[in-house]
Amino acid sequence: MNAGRARARGTWHAFSMTGFATRQLHAGERPDPGITPRVTPIYLTAGFVMNDFEHAVDHFSTGDGYSYTRVANPTTETVEQKIADLEGGTEALLVGSGQAAVVITLLGLVGAGQRVISASQIYEGTRGLLLDNLPRLGLETDFVDDANDPAAWEALIGPDTRALFAESIPNPRNEVLDIAAVAAVAQAHGIPLIIDSTLATPYLVRPLEHGADIVIHSASKFFAGHGAVLGGVVVDNGRFDTASTLFPHLTEPTRTGGPSFAARAGGNARIAYLREVMALRFGPTLSPFNAFLIGQGIETLSLRVERQSANALGVAEWLSRQPEVHSVDYSGLAGNPYHELAQRYLPNGQGSVFSFTLTGGTDAAGAFIDALQVFTHMTHLGDVRSLILHLATTSHNQRTPEQLDRAGIQSGSIRLSIGIEDLPDLIADLDRGLAAVRALTS
Ligand SMILES: *Cc1c(COP(=O)(O)O)cnc(C)c1O
């Protein structure tokens, strides 16, 4: 330790600390204000010191600065601003998981007796939330089977509808949402369109640019990218209509007579409410440590997604030529029904999550998956590593055969999340899987 540092230590706690318990709490060093880290450090702290009495009074009246990590944290905030910028939004809010991001967004907009309209092809966790859990709070959901048919959304809109929900690239079949078509319906009724864009990432498509109001991500997936942490994020376009009568909790004065969120935050009323009420009161706070890892991940987002999409196209093309494969659902393939929409919305790549179906059903899928050595068998996606999952017996095992059929999932359907490995190694691994399938029938 150099002398300057030792001196700095000495000056931080000039008062006398004699007792062990006191010293174990208070002895130590405060960061030298002369240090400027290149990377925002992990502020792994529950809260922040009030410099003096006036500072505390000021913080509690204006909200400026930091007090408690559930309210705001510099590490988390840095990553929020990065994500808001990448999505072309005004503000972002990070929370503990993608599921938490979906929950606080819906509960922040929709109240008891009100309704959500959702695409039916969505992440199973969100689907379960809408079907099983939100109804207990009096929030019901109407589902649209053909998400790209604006008339189908329009037909379900009623006086109690408060949110439209869809995924830009729905899990697991790599379909492509016509975001602008659904956004036009949302705008005509002043109802926000929420897009879960986890599988696309802002590198491939930015839904706010196509008229969506709110974007959600599971940051556990491509943002973090390395399969180490969970996180979720909500990004707002900052265009809340302050004259709207649909959201009195945003436009009417607070319980204590203070100015409404609309009066205080204007077009950012929604995200201000999500941050200051939903995240604060319901408490799904992201650890600053996880925020740091998500921020590190985002620094290579475009490189990973570009490579993952190119690898995915290579794998999809190869699979589509194999006799044991019945079909491949990848919008990057010329014959895919979503190919044209993919060219419009996803010109930089169609993502790395898609499904394909083996002719031999569940037995073939089992032999295939168990023969692989490079792909990891797990329920996760967006990782740098390639991952594989059999749908009907795992993530989609709560669906009836009829529901699976409607979702285009068969007994031989397998989901892939392609990583950044070398393409020939991935294809060699899948070839090993097909050899195991052939061995079943020979
Ligand atoms: C994983 C996922 C979620 C949930 O995110 P978690 O971080 O796992 O809570 C939501 N939507 C989509 C599309 C996902 O893939």
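Both counts, for ligands and for their atoms, begin at 1 and track the order of listing.
Listed by number with element, the atoms of ligand 1 under 4.0 angstrom from any heavy atom of D196 are 10 (C), 11 (N), 12 (C), 13 (C). Listed by number with element, the atoms of ligand 1 under 4.0 angstrom from any heavy atom of G231 are 7 (O). Taking every non-hydrogen atom of S220 and a distance limit under 4.0 Å, the qualifying atoms of ligand 1 come out as 6 (P), 7 (O).
What you find for T251 and S244 is that their closest heavy atoms are CG2-O, 3.6 Å.
Relative ring orientation between F48 and Y43 is described as tilted, the plane-to-plane angle lying within the 30° to 60° band.
With E276 as the partner, the salt bridge (Lys or Arg N to Asp or Glu O under 4.0 Å) test is satisfied by one option alone out of R70, R281, R264: R264.
The side-chain hydrogen bond (donor to acceptor under 3.5 Å, both in side chains) analysis of residues 293-302, with sequence neighbours excluded, yields the pairs T300-R304.
Between the side chains of N174 and R415, no donor N or O sits under 3.5 Å from an acceptor N or O. Using modelled atom types and a 3.5 Å distance limit, the side chains of Y345 and D178 yield a donor-acceptor pair.
When heavy-atom distances to ligand 1 are checked against a 4.0 Å cut-off, L230 has no atom that comes that close, whether in backbone or side chain.
Looking only at protein heavy atoms, the nearest one to atom 1 (C) of ligand 1 is K221 NZ, 1.4 Å. When only non-hydrogen protein atoms are considered, atom 6 (P) of ligand 1 lies nearest to G98 N, 3.3 Å. What sits closest to atom 3 (C) of ligand 1 on the protein, heavy atoms only, is Y123 CE2, 3.4 Å. Shortest contact from atom 9 (O) of ligand 1 to any protein heavy atom: Q99 N, 2.8 Å.
In terms of N/O distances under 3.5 Å, ligand 1 is approached by S218. Considering backbone and side-chain atoms together, A100 places no N or O closer than 3.5 Å to any N or O of ligand 1.
Taking the centre of each ring, F240 and Y273 stay at or above the 6.0 Å mark.
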